[in-house]
Every structure is written in structure tokens, then in C-alpha cells.
Amino acid sequence: MSDLSAFPIASRWPAAHPDRIQLYSLPTPNGVKVSILLEELGLPYEPHLIDIGKNETWTPEFLSLNPNGKIPAIIDPDGPGGKPFGLFESGAILVYLAEKTGKLLPTDPAARYETLQWVFFQMAAVGPMFGQLGFFHKFAGREYEDKRPLERYRAESQRLLGVLETRLEGRDWIMGDDYTIADIATLGWVRNLVGFYEAADLVDYKSLKNVPAWLERGLARPAVQRGLNSPARP
């Protein structure tokens, strides 16, 4: 049996199955990246729900694994060298798990870097911009009298959707015929933008052809549906 006692987070959220990957997360657009990938790969894992509404990411135990105080984070009991290994930041986790299994990340060097380019595009552009649009359109920011931030993030989100629309022309997936971690990184954010954030009309989503078709294909995958609800909310 794996020993996770070196990780303080395992004392607050004990592992019932310490031989499995431990996922500390919440089904947000960033959180579901990792749960979807774990489901796609078929790796055994144990999800632990981290309640950001109760500030659980700022507890000493969580910060001991991720000093940035954000979900998701993992412990792999069979990490490099066969030793338990903790990792945070969703993009890093995607790359780690894909390389660990040799799946969903091309081995050809050029295709690998091209895939990583689109993962980083999500991390550096899609996630931050869509998240800010959600804040100013649906959450507390909607009460601000100054609508310039809303307009800025609306315009930038619409531009980024245009980048994806162009990329997906003639392609089923971001990398063409192959479904990869680039798709997994981005699906949840587009879904949130047009669904939970209720911003479809704001970004003229109906004018797009390729992005909605790609999102529909992604959401039709059973592993995606399972991952969207992991860890399960109470």
C-alpha cells in the first residue's frame, strides 16, 4: 500500500485508496480538465471535493500541495521513480498524465509542440479572458456602473472564439483527426462560457459553425460526461 503520510493534504482529505491517483478538485472549467483526462485515460483515481466557497484551498493542508491556492492538484502514488509525487497547475497535470501513459499527446516532436501550443493558448488566453467575462457578465462585476471592463472582455472572448473557429475549419479536433489534451483543456471553458456564464448572445456564438460542432462532439464523449461531474458535488 502506498504511503502518502508525507503529504499534509492527505491528513485533511484521507485517501480511502492510497494506491490510486488522488485528485483534489472541483468541477470548474480548470478542475474538469484533469478529471476528464483521468476518465479518458482510464487511470484509477480518487476524487476529493475541495470547497472553494469555504476557502478550503487556503487551508495549510491544501497550500502544502499547491502554494498558489487553486484547484486542481494531484498526488500520484506511482510518480517518477515509483515514488509519490504531488503536482499542481492544470496544464502541467495534463502534460504529466499524457506523458505518463503515452496517450492524448503526440509523440512526433512537431505535433507534440503544436499540441502544447494550443494547451498554452487555453491557459494564457481562453481561461483568463472567459473567466473575466463571466465575472463581469454574470457575477459581482455585473453591478459595476463602468461597463468598459465588460466590453473589453467581451471583445477579447469573441476574438478568441474566432481563433478557435479558424483553427477548427476542416478539423474534427484542434489537432485534426486526433483528440488530444488541447481539446480537453479547452472544452470546459467554451461550455462554461455559453452555458453557465450565459454569454452566448454576448459573444455572438450562433454566428460560429466549427466551434459549436466541436463542442458537441466533445460533450458526446462518455469520459467527458463523467469528468464534468467529478468530484461529485453534494
Side-chain angles (χ1 to χ4, degrees), residues 23 25-41 52 66 68 70-74 87-99 103-106 110-137 152-169 171-197 199-200 202-203 205 208 210-221 223-225 227-228 230:
L23 171 65
S25 190
L26 186 72
T28 66
N30 274 337
V32 299
K33 295 181 203 175
V34 176
S35 53
I36 288 172
L37 180 59
L38 287 165
E39 293 287 348
E40 291 280 10
L41 295 173
I52 59 177
N66 182 359
N68 193 36
K70 306 292 182 183
I71 56 95
I74 67 167
L87 193 63
F88 67 92
E89 287 297 341
S90 57
I93 298 170
L94 291 184
V95 176
Y96 169 71
L97 293 175
E99 291 192 336
K103 298 177 180 178
L104 299 178
L105 179 62
R112 180 179 182 274
Y113 283 114
E114 189 175 355
T115 304
L116 294 177
Q117 156 187 276
W118 287 100
V119 172
F120 298 160
F121 169 74
Q122 179 278 305
M123 295 170 61
V126 168
M129 292 301 105
F130 287 14
Q132 288 297 316
L133 181 58
F135 174 78
F136 284 103
H137 178 61
R152 181 208 169 190
Y153 293 118
R154 181 210 62 77
E156 184 64 2
S157 295
Q158 192 165 352
R159 184 189 71 80
L160 293 171
L161 285 171
V163 173
L164 282 172
E165 179 76 2
T166 300
R167 174 64 182 182
L168 289 164
E169 180 65 33
R171 294 180 171 91
D172 283 346
W173 306 108
I174 289 174
M175 286 301 294
D177 293 335
D178 296 327
Y179 173 77
T180 68
I181 58 172
D183 301 287
I184 293 171
T186 314
L187 281 166
W189 278 105
V190 177
R191 173 180 177 265
N192 237 47
L193 180 72
V194 301
F196 185 61
Y197 293 162
L202 201 63
V203 296
Y205 188 72
L208 305 174
N210 301 322
V211 172
W214 162 83
L215 180 61
E216 184 176 353
R217 279 191 293 274
L219 294 178
R221 298 178 69 91
V224 171
Q225 285 300 310
L228 287 171
S230 179

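Residue numbers start at 1 and run along the sequence shown.
- Using modelled atom types, no side-chain atom of Glu39 and backbone atom of Val224 make a donor-acceptor pair closer than 3.5 Å.
- Taking CD of Glu169 as the start and CD of Glu165 as the end, the distance is 7.0 Å to the nearest 0.5 Å.
- Under the side chain to side chain contact (heavy atoms under 4.5 Å, CB included) criterion, Glu99 pairs with Val95, Leu105, Arg112, sequence neighbours left out.
- Closest approach of Ala223 and Glu40 over heavy atoms only: CB-CD, 3.4 Å.
- At a threshold of 4.5 Å between non-hydrogen side-chain atoms, the residues Tyr179 and Asp172 do not count as touching.
- The line from CD1 of Ile71 to CZ of Phe88 is 13.5 Å long, rounded to the nearest 0.5 Å.
- Side-chain contact between Arg152 and Phe136 is absent, with no heavy-atom pair separated by less than 4.5 Å.
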(message) With side chain to side chain contact (heavy atoms under 4.5 Å, CB included) as the criterion, how do Leu161 and Phe130 come out once you've worked through the C-alpha distance, each side chain's angles and the decisive distance to 0.1 Å?
(response) CA-CA 10 Å; Leu161 285 171; Phe130 287 14; 3.9 Å; yes
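- Distance alone, capped at 3.5 Å, is enough to place a donor-acceptor pair between the Asn66 side chain and the Lys70 backbone.
- In Arg221, the CZ atom is crowded: over 12 heavy atoms of neighbouring residues, nucleotides or ligands sit closer than 6.0 Å.
- Distance CG/Leu97 to CD1/Ile181: 9.5 Å, rounded to 0.5 Å.
- When all heavy atoms of Leu94 and Ala185 are compared, the pair lying nearest together is CD1-CB, 3.8 Å.
- At a threshold of 4.5 Å between non-hydrogen side-chain atoms, the residues Tyr153 and Val203 do not count as touching.
- Nearest heavy atoms, Ile93 versus Ala73: CD1-CA, 4.0 Å.
- Taking 4.5 Å as the limit, some side-chain heavy atom of Leu133 sits within range of a side-chain heavy atom of Leu202.
- In this structure, CD in Gln117 is found 8.5 Å from CE in Met175, a value given to the nearest 0.5 Å.
- The side-chain heavy atoms of Val163 and Arg167, taken from C-beta on, include no pair separated by under 4.5 Å.
- A distance of 12.0 Å separates CG of Leu187 from CD of Glu216, quoted to the nearest 0.5 Å.
- Counting all heavy atoms, side chain and backbone alike, Pro212 lies closest to Tyr205 at CA-OH, 3.2 Å.
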(request) Evaluate side chain to side chain contact (heavy atoms under 4.5 Å, CB included) for Arg217 paired with Asp183, printing each intermediate quantity in order. (result) CA-CA 11 Å; Arg217 279 191 293 274; Asp183 301 287; over 6 Å; no
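- Heavy atoms from other residues, nucleotides or ligands lying under 6.0 Å from CG of Asp177 number 12 at most.
- Within the 4.5 Å cutoff, side-chain heavy atoms of Gln122 are placed close to those of Lys33.
- Side-chain contact check for Ile174 versus Phe121: every heavy-atom pair is 4.5 Å or farther apart.
- Atom OH of Tyr113 and atom CZ of Phe120 lie 9.5 Å apart (nearest 0.5 Å).
- Of all heavy-atom pairs spanning Ile74 and Leu23, the tightest one is CG2-CD1, 3.9 Å.
- Using a 4.5 Å heavy-atom threshold, the side chains of Trp118 and Thr180 count as separate.
- Nearest heavy-atom pair, Ser230 versus Pro27, reported as atom, atom and distance to 0.1 Å: O-CB, 4.2 Å.
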(message) Using the rule given for side chain to side chain contact (heavy atoms under 4.5 Å, CB included), can you reason through Thr115 versus Asp178, listing the C-alpha separation, both sets of side-chain angles and the distance that settles it, and then say yes or no?
(response) CA-CA 10 Å; Thr115 304; Asp178 296 327; over 6 Å; no
